[in-house]
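For reference, the structure is listed below as C-alpha coordinates.
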2 protein chains.
Amino acid sequence: MTTANPARRRGRGHDPESVLAIAVGVFNERGYDGTSMAELARALGVTKSAIYYHVPGKEQLLARALDRALDGLFAMVADPRAASGAAIDRLEWVLRQSVRILVERLPYVTLLLRVRGNSVTEQAALERRREFDRFVSHLVKEAAAEGSIRADVDPALVTRLLFGAVNSITEWYQPSRGASADDLAETLLTIIFDGLRSPRG
Amino acid sequence: MTTANPARRRGRGHDPESVLAIAVGVFNERGYDGTSMAELARALGVTKSAIYYHVPGKEQLLARALDRALDGLFAMVADPRAASGAAIDRLEWVLRQSVRILVERLPYVTLLLRVRGNSVTEQAALERRREFDRFVSHLVKEAAAEGSIRADVDPALVTRLLFGAVNSITEWYQPSRGASADDLAETLLTIIFDGLRSPRG
DNA sequence: CCTACCGATCGGTAGG
DNA sequence: CCTACCGATCGGTAGG
(Lines give C-alpha, C1' and ligand atoms only; values in the text may rest on other atoms or scores of the structure.)
Protein backbone atom coordinates (compact mmCIF):
# COMPACT_ATOMS: atom_id res chain seq x y z
CA MET A 1 0.00 0.00 0.00
CA THR A 2 3.03 2.24 0.21
CA THR A 3 4.66 2.12 -3.24
CA ALA A 4 3.83 0.01 -6.27
CA ASN A 5 7.47 -0.91 -6.78
CA PRO A 6 9.46 -1.48 -3.54
CA ALA A 7 12.78 -1.46 -5.39
CA ARG A 8 12.11 2.07 -6.61
CA ARG A 9 11.76 3.20 -2.98
CA ARG A 10 15.44 2.55 -2.52
CA GLY A 11 16.31 4.26 -5.78
CA ARG A 12 17.15 0.93 -7.40
CA GLY A 13 15.58 -1.42 -9.89
CA HIS A 14 13.37 -0.73 -12.86
CA ASP A 15 9.65 -0.66 -13.47
CA PRO A 16 8.27 -1.98 -16.79
CA GLU A 17 8.00 1.61 -18.02
CA SER A 18 11.62 2.58 -17.49
CA VAL A 19 12.87 -0.68 -19.02
CA LEU A 20 10.78 -0.04 -22.14
CA ALA A 21 11.78 3.62 -22.42
CA ILE A 22 15.51 2.90 -22.10
CA ALA A 23 15.36 -0.11 -24.44
CA VAL A 24 13.57 1.88 -27.15
CA GLY A 25 16.18 4.59 -26.83
CA VAL A 26 18.95 2.08 -27.52
CA PHE A 27 16.96 0.40 -30.32
CA ASN A 28 16.61 3.76 -32.06
CA GLU A 29 20.30 4.55 -31.71
CA ARG A 30 21.72 1.20 -32.85
CA GLY A 31 18.77 -0.35 -34.66
CA TYR A 32 16.75 -3.24 -33.19
CA ASP A 33 18.83 -5.96 -34.86
CA GLY A 34 22.03 -4.08 -34.10
CA THR A 35 21.24 -4.06 -30.36
CA SER A 36 22.31 -7.05 -28.23
CA MET A 37 20.78 -7.91 -24.87
CA ALA A 38 24.23 -7.20 -23.43
CA GLU A 39 24.09 -3.60 -24.73
CA LEU A 40 20.59 -3.24 -23.36
CA ALA A 41 21.77 -4.53 -19.99
CA ARG A 42 24.61 -2.00 -19.95
CA ALA A 43 22.17 0.82 -20.70
CA LEU A 44 19.86 -0.37 -17.90
CA GLY A 45 22.69 -0.79 -15.40
CA VAL A 46 21.83 -4.43 -14.70
CA THR A 47 23.08 -7.78 -15.90
CA LYS A 48 21.82 -9.28 -19.12
CA SER A 49 19.90 -11.96 -17.23
CA ALA A 50 18.08 -9.42 -15.08
CA ILE A 51 16.28 -8.09 -18.16
CA TYR A 52 14.39 -11.39 -18.33
CA TYR A 53 12.90 -10.71 -14.95
CA HIS A 54 11.15 -7.68 -16.42
CA VAL A 55 10.31 -8.86 -19.92
CA PRO A 56 9.93 -12.30 -21.59
CA GLY A 57 12.48 -11.44 -24.26
CA LYS A 58 13.86 -9.01 -26.78
CA GLU A 59 11.01 -9.43 -29.25
CA GLN A 60 8.32 -8.74 -26.62
CA LEU A 61 10.16 -5.53 -25.78
CA LEU A 62 9.83 -4.56 -29.44
CA ALA A 63 6.15 -5.60 -29.51
CA ARG A 64 5.29 -3.43 -26.49
CA ALA A 65 7.12 -0.45 -27.99
CA LEU A 66 5.37 -0.79 -31.35
CA ASP A 67 1.97 -0.99 -29.60
CA ARG A 68 2.67 2.36 -27.95
CA ALA A 69 2.98 3.96 -31.36
CA LEU A 70 0.14 2.09 -33.07
CA ASP A 71 -2.35 2.55 -30.21
CA GLY A 72 -1.81 6.30 -30.47
CA LEU A 73 -2.51 6.33 -34.18
CA PHE A 74 -5.61 4.14 -33.89
CA ALA A 75 -7.06 6.24 -31.08
CA MET A 76 -7.08 9.03 -33.65
CA VAL A 77 -8.86 6.94 -36.27
CA ALA A 78 -11.56 6.09 -33.71
CA ASP A 79 -12.14 9.75 -32.79
CA PRO A 80 -15.46 11.22 -34.05
CA ARG A 81 -13.57 14.26 -35.41
CA ALA A 82 -11.99 11.95 -37.99
CA ALA A 83 -15.41 10.88 -39.25
CA SER A 84 -17.63 13.96 -39.59
CA GLY A 85 -17.45 17.16 -41.63
CA ALA A 86 -15.76 18.04 -44.91
CA ALA A 87 -13.02 15.63 -45.96
CA ILE A 88 -10.46 18.46 -46.25
CA ASP A 89 -11.15 19.47 -42.62
CA ARG A 90 -10.92 15.88 -41.42
CA LEU A 91 -7.64 15.47 -43.33
CA GLU A 92 -6.25 18.61 -41.74
CA TRP A 93 -7.31 17.37 -38.29
CA VAL A 94 -5.73 13.97 -38.86
CA LEU A 95 -2.45 15.52 -40.06
CA ARG A 96 -2.36 17.83 -37.04
CA GLN A 97 -3.03 14.91 -34.69
CA SER A 98 -0.43 12.77 -36.48
CA VAL A 99 2.23 15.38 -35.84
CA ARG A 100 1.11 15.59 -32.20
CA ILE A 101 1.33 11.81 -31.72
CA LEU A 102 4.68 11.62 -33.53
CA VAL A 103 6.11 14.23 -31.20
CA GLU A 104 4.43 12.89 -28.03
CA ARG A 105 5.48 9.30 -28.72
CA LEU A 106 8.59 10.14 -30.74
CA PRO A 107 10.83 7.16 -29.80
CA TYR A 108 8.01 4.64 -30.25
CA VAL A 109 6.90 5.98 -33.63
CA THR A 110 10.53 6.24 -34.74
CA LEU A 111 10.99 2.55 -33.99
CA LEU A 112 7.73 1.69 -35.78
CA LEU A 113 8.79 3.49 -38.96
CA ARG A 114 12.00 1.45 -39.15
CA VAL A 115 10.33 -1.94 -38.87
CA ARG A 116 10.84 -4.10 -41.99
CA GLY A 117 8.90 -7.29 -41.15
CA ASN A 118 11.82 -9.48 -39.98
CA SER A 119 9.63 -11.35 -37.45
CA VAL A 120 5.98 -12.12 -36.74
CA THR A 121 5.93 -9.18 -34.34
CA GLU A 122 7.25 -6.83 -37.02
CA GLN A 123 4.87 -8.19 -39.65
CA ALA A 124 1.88 -7.64 -37.36
CA ALA A 125 3.00 -4.07 -36.68
CA LEU A 126 3.49 -3.44 -40.42
CA GLU A 127 -0.06 -4.66 -41.08
CA ARG A 128 -1.54 -2.33 -38.44
CA ARG A 129 0.51 0.51 -39.87
CA ARG A 130 -0.74 -0.21 -43.39
CA GLU A 131 -4.30 -0.13 -42.04
CA PHE A 132 -3.69 3.39 -40.72
CA ASP A 133 -2.13 4.38 -44.05
CA ARG A 134 -5.24 3.17 -45.88
CA PHE A 135 -7.39 5.29 -43.58
CA VAL A 136 -5.47 8.46 -44.46
CA SER A 137 -5.29 7.48 -48.11
CA HIS A 138 -9.11 7.21 -48.14
CA LEU A 139 -9.38 10.69 -46.58
CA VAL A 140 -7.18 12.18 -49.33
CA LYS A 141 -9.35 10.54 -51.99
CA GLU A 142 -12.50 11.94 -50.38
CA ALA A 143 -10.95 15.42 -50.29
CA ALA A 144 -10.10 15.04 -53.99
CA ALA A 145 -13.65 13.85 -54.77
CA GLU A 146 -15.23 16.84 -53.02
CA GLY A 147 -12.95 19.14 -55.05
CA SER A 148 -10.95 20.49 -52.12
CA ILE A 149 -7.70 19.14 -53.48
CA ARG A 150 -6.29 19.95 -56.92
CA ALA A 151 -7.36 17.45 -59.58
CA ASP A 152 -4.05 17.33 -61.48
CA VAL A 153 -2.24 15.16 -58.91
CA ASP A 154 -2.76 11.47 -58.11
CA PRO A 155 -4.34 11.14 -54.62
CA ALA A 156 -2.37 7.94 -53.92
CA LEU A 157 0.89 9.73 -54.70
CA VAL A 158 -0.18 12.73 -52.63
CA THR A 159 -0.79 10.42 -49.65
CA ARG A 160 2.70 8.93 -49.98
CA LEU A 161 4.37 12.32 -50.08
CA LEU A 162 2.24 13.55 -47.16
CA PHE A 163 3.37 10.60 -45.06
CA GLY A 164 6.91 11.17 -46.23
CA ALA A 165 6.93 14.72 -44.93
CA VAL A 166 5.11 13.89 -41.66
CA ASN A 167 7.10 10.75 -40.89
CA SER A 168 10.40 12.51 -41.58
CA ILE A 169 9.81 14.32 -38.28
CA THR A 170 11.19 11.24 -36.52
CA GLU A 171 14.46 11.70 -38.41
CA TRP A 172 15.30 15.15 -37.09
CA TYR A 173 12.91 16.44 -34.42
CA GLN A 174 14.51 17.26 -31.08
CA PRO A 175 11.96 18.03 -28.34
CA SER A 176 14.47 20.05 -26.33
CA ARG A 177 15.13 22.72 -28.93
CA GLY A 178 13.37 23.95 -32.04
CA ALA A 179 9.68 24.22 -32.85
CA SER A 180 6.83 22.91 -30.69
CA ALA A 181 4.52 20.22 -32.06
CA ASP A 182 1.89 22.89 -32.82
CA ASP A 183 4.36 25.12 -34.69
CA LEU A 184 5.56 22.09 -36.60
CA ALA A 185 2.04 21.07 -37.62
CA GLU A 186 1.26 24.67 -38.62
CA THR A 187 4.28 24.97 -40.94
CA LEU A 188 3.66 21.53 -42.36
CA LEU A 189 0.03 22.30 -43.19
CA THR A 190 0.92 25.68 -44.69
CA ILE A 191 3.48 24.14 -47.05
CA ILE A 192 1.30 21.16 -47.94
CA PHE A 193 -1.93 23.04 -48.57
CA ASP A 194 -0.70 26.44 -49.80
CA GLY A 195 2.71 25.57 -51.21
CA LEU A 196 6.19 26.94 -50.78
CA ARG A 197 6.08 29.66 -53.44
CA SER A 198 5.89 33.21 -52.15
CA PRO A 199 2.26 34.52 -52.42
CA ARG A 200 3.67 37.67 -54.17
CA GLY A 201 6.10 35.55 -56.32
CA MET B 1 42.01 -13.19 -72.92
CA THR B 2 38.69 -15.00 -73.37
CA THR B 3 36.41 -13.75 -70.60
CA ALA B 4 37.13 -11.46 -67.65
CA ASN B 5 35.47 -13.88 -65.25
CA PRO B 6 36.12 -17.56 -66.08
CA ALA B 7 33.33 -18.76 -63.76
CA ARG B 8 30.82 -16.75 -65.77
CA ARG B 9 31.75 -18.68 -68.91
CA ARG B 10 30.09 -21.75 -67.45
CA GLY B 11 27.04 -19.78 -66.45
CA ARG B 12 28.13 -19.86 -62.81
CA GLY B 13 29.76 -17.54 -60.36
CA HIS B 14 29.35 -13.86 -59.73
CA ASP B 15 31.06 -10.68 -60.79
CA PRO B 16 31.56 -7.86 -58.25
CA GLU B 17 28.50 -6.08 -59.68
CA SER B 18 26.04 -8.96 -59.23
CA VAL B 19 27.33 -9.68 -55.73
CA LEU B 20 26.79 -6.04 -54.76
CA ALA B 21 23.34 -5.83 -56.36
CA ILE B 22 22.06 -9.02 -54.72
CA ALA B 23 23.61 -8.14 -51.35
CA VAL B 24 22.02 -4.68 -51.34
CA GLY B 25 18.66 -6.28 -52.17
CA VAL B 26 18.91 -8.52 -49.11
CA PHE B 27 20.20 -5.66 -46.91
CA ASN B 28 17.14 -3.61 -47.86
CA GLU B 29 14.76 -6.48 -47.17
CA ARG B 30 16.13 -7.60 -43.80
CA GLY B 31 18.16 -4.59 -42.75
CA TYR B 32 21.99 -4.54 -42.77
CA ASP B 33 22.35 -5.73 -39.16
CA GLY B 34 19.51 -8.21 -39.61
CA THR B 35 21.32 -9.84 -42.54
CA SER B 36 23.81 -12.60 -41.79
CA MET B 37 26.54 -13.70 -44.16
CA ALA B 38 24.77 -17.05 -44.31
CA GLU B 39 21.59 -15.40 -45.63
CA LEU B 40 23.66 -13.50 -48.15
CA ALA B 41 25.29 -16.77 -49.25
CA ARG B 42 21.87 -18.35 -49.74
CA ALA B 43 20.70 -15.41 -51.86
CA LEU B 44 23.87 -15.65 -53.96
CA GLY B 45 23.69 -19.43 -54.29
CA VAL B 46 27.17 -19.95 -52.82
CA THR B 47 28.57 -20.89 -49.42
CA LYS B 48 29.09 -18.30 -46.73
CA SER B 49 32.86 -18.51 -47.07
CA ALA B 50 32.75 -18.06 -50.83
CA ILE B 51 31.52 -14.49 -50.39
CA TYR B 52 34.95 -13.63 -49.02
CA TYR B 53 36.41 -14.54 -52.37
CA HIS B 54 34.52 -11.60 -53.90
CA VAL B 55 34.60 -9.02 -51.12
CA PRO B 56 36.81 -8.42 -48.06
CA GLY B 57 33.84 -8.49 -45.72
CA LYS B 58 30.31 -7.46 -44.87
CA GLU B 59 31.19 -3.88 -44.03
CA GLN B 60 33.05 -3.31 -47.33
CA LEU B 61 29.97 -4.54 -49.14
CA LEU B 62 28.04 -1.82 -47.31
CA ALA B 63 30.71 0.80 -48.05
CA ARG B 64 30.62 0.09 -51.80
CA ALA B 65 26.83 0.28 -51.84
CA LEU B 66 26.74 3.58 -49.95
CA ASP B 67 29.31 5.08 -52.34
CA ARG B 68 26.99 4.28 -55.26
CA ALA B 69 24.32 6.47 -53.70
CA LEU B 70 26.58 9.26 -52.46
CA ASP B 71 28.59 9.57 -55.70
CA GLY B 72 25.33 10.16 -57.56
CA LEU B 73 24.26 12.93 -55.21
CA PHE B 74 27.66 14.64 -55.28
CA ALA B 75 27.86 14.55 -59.08
CA MET B 76 24.76 16.74 -58.93
CA VAL B 77 26.30 19.22 -56.50
CA ALA B 78 29.31 19.57 -58.83
CA ASP B 79 27.11 20.31 -61.88
CA PRO B 80 27.23 23.94 -63.12
CA ARG B 81 23.41 23.96 -63.27
CA ALA B 82 23.38 23.77 -59.46
CA ALA B 83 25.50 26.92 -59.22
CA SER B 84 24.12 29.54 -61.66
CA GLY B 85 20.79 31.31 -62.03
CA ALA B 86 18.01 32.18 -59.60
CA ALA B 87 18.06 30.15 -56.37
CA ILE B 88 14.47 29.00 -56.90
CA ASP B 89 15.41 27.59 -60.33
CA ARG B 90 18.52 25.88 -58.95
CA LEU B 91 16.44 24.42 -56.12
CA GLU B 92 13.89 23.09 -58.59
CA TRP B 93 16.68 21.57 -60.71
CA VAL B 94 18.29 19.93 -57.67
CA LEU B 95 14.96 18.48 -56.51
CA ARG B 96 14.26 17.11 -59.99
CA GLN B 97 17.73 15.56 -60.16
CA SER B 98 17.39 14.17 -56.65
CA VAL B 99 14.24 12.30 -57.64
CA ARG B 100 16.01 11.03 -60.76
CA ILE B 101 19.00 9.72 -58.77
CA LEU B 102 16.76 8.19 -56.10
CA VAL B 103 14.87 6.29 -58.78
CA GLU B 104 17.96 5.35 -60.83
CA ARG B 105 19.92 4.14 -57.80
CA LEU B 106 16.91 3.17 -55.69
CA PRO B 107 18.37 0.21 -53.73
CA TYR B 108 21.61 2.08 -52.98
CA VAL B 109 19.89 5.27 -51.82
CA THR B 110 17.39 3.20 -49.81
CA LEU B 111 20.28 1.60 -47.95
CA LEU B 112 21.95 4.99 -47.42
CA LEU B 113 18.82 6.49 -45.86
CA ARG B 114 18.66 3.69 -43.27
CA VAL B 115 22.24 4.07 -42.07
CA ARG B 116 22.44 5.06 -38.39
CA GLY B 117 26.20 5.35 -37.77
CA ASN B 118 26.82 1.95 -36.15
CA SER B 119 30.31 1.69 -37.65
CA VAL B 120 33.08 3.88 -39.08
CA THR B 121 31.75 3.11 -42.58
CA GLU B 122 28.27 4.24 -41.61
CA GLN B 123 29.56 7.34 -39.83
CA ALA B 124 31.55 8.36 -42.92
CA ALA B 125 28.48 7.89 -45.11
CA LEU B 126 26.34 9.91 -42.70
CA GLU B 127 28.87 12.75 -42.82
CA ARG B 128 28.85 12.82 -46.65
CA ARG B 129 25.05 12.73 -46.56
CA ARG B 130 24.93 15.64 -44.14
CA GLU B 131 27.21 17.59 -46.48
CA PHE B 132 24.68 17.11 -49.28
CA ASP B 133 21.87 18.14 -46.94
CA ARG B 134 23.71 21.35 -46.08
CA PHE B 135 24.06 22.10 -49.79
CA VAL B 136 20.29 21.85 -50.33
CA SER B 137 19.58 23.69 -47.08
CA HIS B 138 21.73 26.57 -48.34
CA LEU B 139 19.77 26.64 -51.61
CA VAL B 140 16.48 26.92 -49.72
CA LYS B 141 17.85 29.80 -47.67
CA GLU B 142 19.00 31.58 -50.86
CA ALA B 143 15.55 31.12 -52.39
CA ALA B 144 14.01 32.58 -49.24
CA ALA B 145 16.47 35.50 -49.30
CA GLU B 146 15.63 36.38 -52.92
CA GLY B 147 11.91 36.32 -52.00
CA SER B 148 10.95 33.33 -54.11
CA ILE B 149 9.80 31.33 -51.11
CA ARG B 150 7.18 32.50 -48.63
CA ALA B 151 8.64 34.35 -45.66
CA ASP B 152 6.33 32.90 -42.99
CA VAL B 153 8.05 29.49 -42.81
CA ASP B 154 11.46 28.59 -41.40
CA PRO B 155 13.84 27.65 -44.28
CA ALA B 156 15.54 24.98 -42.13
CA LEU B 157 12.20 23.34 -41.41
CA VAL B 158 11.23 23.61 -45.07
CA THR B 159 14.43 21.79 -46.04
CA ARG B 160 13.67 18.96 -43.59
CA LEU B 161 10.15 18.49 -44.94
CA LEU B 162 11.40 18.65 -48.53
CA PHE B 163 13.89 15.88 -47.83
CA GLY B 164 11.17 13.96 -45.99
CA ALA B 165 8.91 13.98 -49.05
CA VAL B 166 11.71 13.25 -51.55
CA ASN B 167 13.40 10.55 -49.47
CA SER B 168 10.09 8.81 -48.80
CA ILE B 169 10.24 7.71 -52.44
CA THR B 170 12.57 4.89 -51.32
CA GLU B 171 9.80 3.61 -49.01
CA TRP B 172 7.21 2.93 -51.69
CA TYR B 173 8.45 3.47 -55.26
CA GLN B 174 8.26 0.41 -57.52
CA PRO B 175 10.02 0.93 -60.87
CA SER B 176 7.93 -1.77 -62.58
CA ARG B 177 4.56 -0.13 -62.09
CA GLY B 178 3.35 3.36 -61.27
CA ALA B 179 4.71 6.75 -62.23
CA SER B 180 7.98 7.38 -64.05
CA ALA B 181 10.73 9.37 -62.36
CA ASP B 182 9.75 12.45 -64.39
CA ASP B 183 6.04 12.18 -63.47
CA LEU B 184 7.07 11.69 -59.86
CA ALA B 185 9.28 14.80 -59.87
CA GLU B 186 6.52 16.79 -61.58
CA THR B 187 3.87 15.92 -58.97
CA LEU B 188 6.32 16.47 -56.15
CA LEU B 189 7.28 19.95 -57.39
CA THR B 190 3.64 20.91 -58.00
CA ILE B 191 2.64 20.00 -54.45
CA ILE B 192 5.71 21.54 -52.86
CA PHE B 193 5.69 24.84 -54.74
CA ASP B 194 1.97 25.38 -55.45
CA GLY B 195 0.36 23.39 -52.64
CA LEU B 196 -2.31 20.77 -52.43
CA ARG B 197 -5.35 23.04 -52.23
CA SER B 198 -7.50 23.22 -55.34
CA PRO B 199 -6.80 26.47 -57.28
CA ARG B 200 -10.59 27.09 -57.38
CA GLY B 201 -11.02 25.97 -53.69
C1' DC C 1 34.92 -20.92 -54.85
C1' DC C 2 34.34 -25.34 -50.84
C1' DT C 3 35.29 -27.94 -46.35
C1' DA C 4 36.51 -27.48 -42.08
C1' DC C 5 36.86 -24.69 -38.67
C1' DC C 6 38.23 -20.36 -35.07
C1' DG C 7 37.33 -16.80 -31.14
C1' DA C 8 33.47 -14.27 -29.65
C1' DT C 9 29.21 -13.34 -29.00
C1' DC C 10 24.14 -14.11 -29.72
C1' DG C 11 19.36 -14.39 -27.08
C1' DG C 12 17.86 -16.84 -23.35
C1' DT C 13 17.89 -19.84 -18.85
C1' DA C 14 19.83 -22.66 -14.85
C1' DG C 15 20.16 -22.77 -9.52
C1' DG C 16 20.49 -19.92 -5.52
C1' DC D 1 6.37 -18.72 -0.72
C1' DC D 2 7.78 -13.50 -2.75
C1' DT D 3 10.81 -9.56 -5.33
C1' DA D 4 14.72 -8.37 -7.61
C1' DC D 5 18.26 -9.68 -9.22
C1' DC D 6 23.46 -12.31 -9.82
C1' DG D 7 27.40 -15.27 -11.81
C1' DA D 8 27.73 -18.76 -14.89
C1' DT D 9 26.53 -21.22 -18.63
C1' DC D 10 23.12 -23.37 -22.07
C1' DG D 11 22.65 -24.66 -27.35
C1' DG D 12 23.43 -22.15 -31.60
C1' DT D 13 25.16 -18.72 -34.68
C1' DA D 14 27.79 -14.48 -35.86
C1' DG D 15 31.64 -12.71 -39.13
C1' DG D 16 35.78 -14.28 -40.77
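Keep in mind that this is a model prediction, so the values were computed, not measured. Note on naming: letters A, B, ... go to the chains in the order of the sequence lines (proteins, then strands), and numbering restarts at 1 for each one.
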(request) Between B:A50 and A:G57, just flag the one whose closest nucleotide in DNA chain C comes earlier from the 5' side. (result)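 It is B:A50 whose nearest nucleotide is closer to the 5' end.
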(request) Provide the distance between the two C1' atoms, one in C:dG12 and one in D:dA8, to the nearest whole Å. (result)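 Each nucleotide's C1' atom is 13 Å from the other's.
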(request) Take atom P in C:dA4 and the same atom in D:dG16, then report the distance between them in whole Å. (result) 22 Å
(request) Nearest-nucleotide wise, let me know which of A:H54 and B:T35 is further upstream toward the 5' end of DNA chain D. (result) A:H54
(message) Pick the closest DNA chain D nucleotide for A:G45 and for B:E39 by heavy atoms, then say which residue is nearer the 5' end.
(response)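 Counting from the 5' end, the first nearest nucleotide belongs to A:G45.
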(message) Given 3.5 Å as the limit, does a donor-acceptor pair link the side chain of A:S180 with the main chain of A:D183, or not?
(response)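 A pair under 3.5 Å: yes.
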(message) With a 3.5 Å distance limit and no angle check, can you tell me whether B:R150 reaches the backbone of A:G195 through a side-chain donor-acceptor pair?
(response) yes
d([atom1], [X]; [atom2], [N]) in whole Å:
| X | N | atom1 | atom2 | value |
| --- | --- | --- | --- | --- |
| A:M37 | D:dC6 | CE | P | 14 Å |
| A:L44 | D:dA4 | CG | P | 15 Å |
| A:K48 | C:dG12 | NZ | P | 9 Å |
| B:N118 | D:dG15 | CG | P | 14 Å |
| B:D33 | C:dT9 | CG | C1' | 14 Å |
| B:Y52 | C:dC2 | OH | P | 14 Å |
| A:E59 | C:dG12 | CD | P | 8 Å |
| A:R30 | C:dC10 | CZ | P | 10 Å |

(message) If the test is side-chain contact (heavy atoms from CB on, under 4.5 Å), which one of B:V166, B:I192, B:L188 qualifies with A:L161?
(response) B:L188
(message) What's A:S49 touching, base or sugar-phosphate or nothing? Going by heavy atoms closer than 4.0 Å.
(response) base
(message) D:dA4, OP1 or OP2 - any side-chain N/O from A:Y53 closer than 4.0 Å?
(response) yes
(message) Below the 4.0 Å mark, does D:dC6 have OP1 or OP2 next to a side-chain nitrogen or oxygen of A:T47?
(response) yes
(message) We want to know whether A:Q174 and A:S176 form a side-chain donor-acceptor pair, criterion being a heavy-atom distance below 3.5 angstrom.
(response) no
(message) Run B:V94 and B:F135 through side-chain contact (heavy atoms from CB on, under 4.5 Å) and show every step you take.
(response) CA-CA 10 Å; B:V94 165; B:F135 172 78; 4.0 Å; yes
(message) Any donor-acceptor pair, under 3.5 Å, between the side chain of A:K58 and the base of C:dG12, if you only look at N and O atoms?
(response) no
